Amino acid sequence: MDEVRRGRVVGALQPGDLLPSVRQLAADLGVNPNTVKQAYRELEREGVVQMRRGQGTFASDMAVNGAERKRMLREVANRALVDAQRHGAAPEELIDSIREAARSADTEAAG
Amino acid sequence: MTALPTSLSGKDWAIRTSGLRKSFGKTVALRGIDLTVPEGATYVLVGPNGAGKTTALNIILDLVRADGGQVEALGLDSRRDGPALRAQIGYVPEAQKWECNWMRVATLLAYHGQYFSSWDDEYAARLVKRLEVPLDRRYGKLSKGQARRVQVVLALAHRPPLLVLDEPTDGLDPLARETTLSVLAEHMAEYPTTLLISTHLVHETERLADHMGVLNAGGLRTQVPVSDLQEMLRRYHAQVPEGWSGAGVLDGSVVRRSRNGREIQWTVWGDESMVRASLTESGAAVQDVRALSLEEAAISLLSDEETSHVEA
């Protein structure tokens, strides 16, 4: 489910893209097909996908909404915060070191 | 407080046993179990070796006679309509060796297929390919894992409404196990099937299971939908004061308790906020609450409630 949401946010999944069938995904992951169906249904309720009878499940053409993007970033931030805390670092330190890391990544990309 | 449920609610059962009893000499294998598998469910029956899993499956298939109790499966009385019932069941037995050892696998498939009007040669061929079954070898010469894969083909290729799998992943290497689970998942997506799977390795079938029964020493400790289990079973980690008198709190709901000095770790069945409240009221300071994987849940349910890991 998170994979599909992420795909939608980062643009890997375009509106109208066909997602794997329940059968295909269940077989690929070796999970109960009902679990896959449930996940698709939940994504449909959230408006991320659209299920068309007899045709399959499609990425929905709803514009990627900012709220979803924000939610995803919030999750990333939370994970980092928890990790930093475990290492005894304060949030401010984490933010500084993220800025630093981003700068050096930029320089590397430029060089 | 709520106690661990031992019966499922519902009405459409693929299998329903009542009061199933069986002893072998002085050894009691089953002490009156009421096992219910809802139609369309994937029911995993968990228990250590010797818990009675295979005996229960064999009685359901009418391969072994019970000392008492009844089995109704697919609307049939297994004792009266054994052959008719077995014709609608795909069965992977626990034992590998049987009377067909001398046959080449291709012959065995053709022979077995004769018994089932719904046998699908084309599907069998597809399964043989997916599971990399060696057709030209003699069945008796196969490794444990190869024989198990042949059994899976034999069980699935007539597309029975009910699959009874006794340790289906036993002896399989990790890759073959993944393939087998994938084949099962695809089969379930394509044909409406009820599965009853026995295993002592929960994590191997965890992704397929939607119901779990825990069998220990011939008794069914619990049977629940996996979703209930995920919602209701939690491990609570708490600090208790010196001379804590709350050990009896939540009696009947505690699945497993362990104590290390002033720290207690309890696995409890119940609504999380209510369990928290009860613990807090008793003077315990709850520090951490977490959900359990299916395997952790099974291990907790299989261990003896009072004596487990009690360290003074």
Side-chain angles (χ1 to χ4, degrees), chain A residues 1-7 13 17-46 48-60 71 74-91, chain B residues 37-44 123 126-127 129-131 152 156 159 163 165 168-169 172-197 199 201-212 225-227 229-231 288 290 293-294:
Chain A
M1 250 169 70
D2 285 340
E3 249 349 278
V4 173
R5 274 204 210 99
R6 191 171 313 128
L13 276 173
D17 276 357
L18 181 62
L19 294 166
S21 67
V22 169
R23 176 187 150 185
Q24 185 65 48
L25 204 53
D28 286 351
L29 304 175
V31 300
N32 193 315
N34 289 326
T35 312
V36 178
K37 256 182 252 171
Q38 244 170 35
Y40 272 171
R41 241 177 261 137
E42 202 162 310
L43 285 169
E44 185 172 45
R45 260 200 307 278
E46 292 173 13
V48 180
V49 305
Q50 226 180 3
M51 290 160 94
R52 289 179 216 153
R53 247 205 138 80
Q55 293 180 59
T57 305
F58 297 85
S60 124
R71 200 190 61 80
R74 187 62 186 265
E75 252 176 52
V76 172
N78 275 338
R79 275 201 300 273
L81 265 175
V82 169
D83 215 12
Q85 214 167 30
R86 206 173 284 151
H87 289 90
Chain B
V37 180
E39 212 175 274
T42 302
Y43 185 119
V44 174
Y123 186 38
R126 256 193 294 150
L127 290 169
K129 210 168 156 201
R130 273 286 292 286
L131 292 165
V152 170
L156 295 185
R159 292 190 292 241
L163 282 169
L165 315 176
T169 53
L172 297 182
D173 64 62
L175 191 64
R177 193 169 58 226
E178 283 302 310
T179 314
T180 305
L181 292 178
S182 160
V183 162
L184 285 173
E186 191 170 353
H187 185 89
M188 289 156 71
E190 232 172 324
Y191 315 108
T193 314
T194 304
L195 279 86
L196 173 58
I197 306 174
T199 185
L201 302 164
V202 193
H203 65 98
E204 299 199 339
T205 41
E206 179 159 12
R207 287 173 290 164
L208 293 181
D210 53 27
H211 287 73
M212 185 167 89
V226 168
S227 53
L229 201 68
Q230 282 161 346
E231 188 153 325
D288 181 48
R290 66 178 189 88
S293 73
L294 208 54

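What you see is a predicted model; the values in this text were computed from it and never measured.
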Highest number of heavy-atom pairs under 4.5 Å with chain A: which of B/L181, B/L208, B/T180? B/L208
Quick check for you: to the nearest 0.5 Å, what is the distance between [X] atom [atom1] and [Y] atom [atom2]?
X	Y	atom1	atom2	value
A/T35	B/R207	OG1	CZ	11.0 Å
A/N32	B/D210	CG	CG	5.0 Å
A/D28	B/E178	CG	CD	11.5 Å
B/E186	A/Q24	CD	CD	7.0 Å

Contact summary for A/P33 and B/A189, nearest pair of heavy atoms: CG-N, 3.4 Å
What's the shortest heavy-atom distance between B/S182 and A/A27, and which atoms? OG-O, 2.7 Å
Within a reach of under 6.0 Å around CZ of A/R52, are more than 12 heavy atoms found that belong to other residues, nucleotides or ligands? yes
Quick check: are there more than 12 heavy atoms from other residues, nucleotides or ligands sitting under 6.0 Å from CD of A/E44? yes
Check whether A/L25 gets within reach of chain B through its side chain, its backbone, both or neither, counting any heavy atom under 4.5 Å. neither
Tell me, for B/L184 versus chain A, whether the close heavy atoms (under 4.5 Å) come from the side chain, the backbone, both or neither. neither
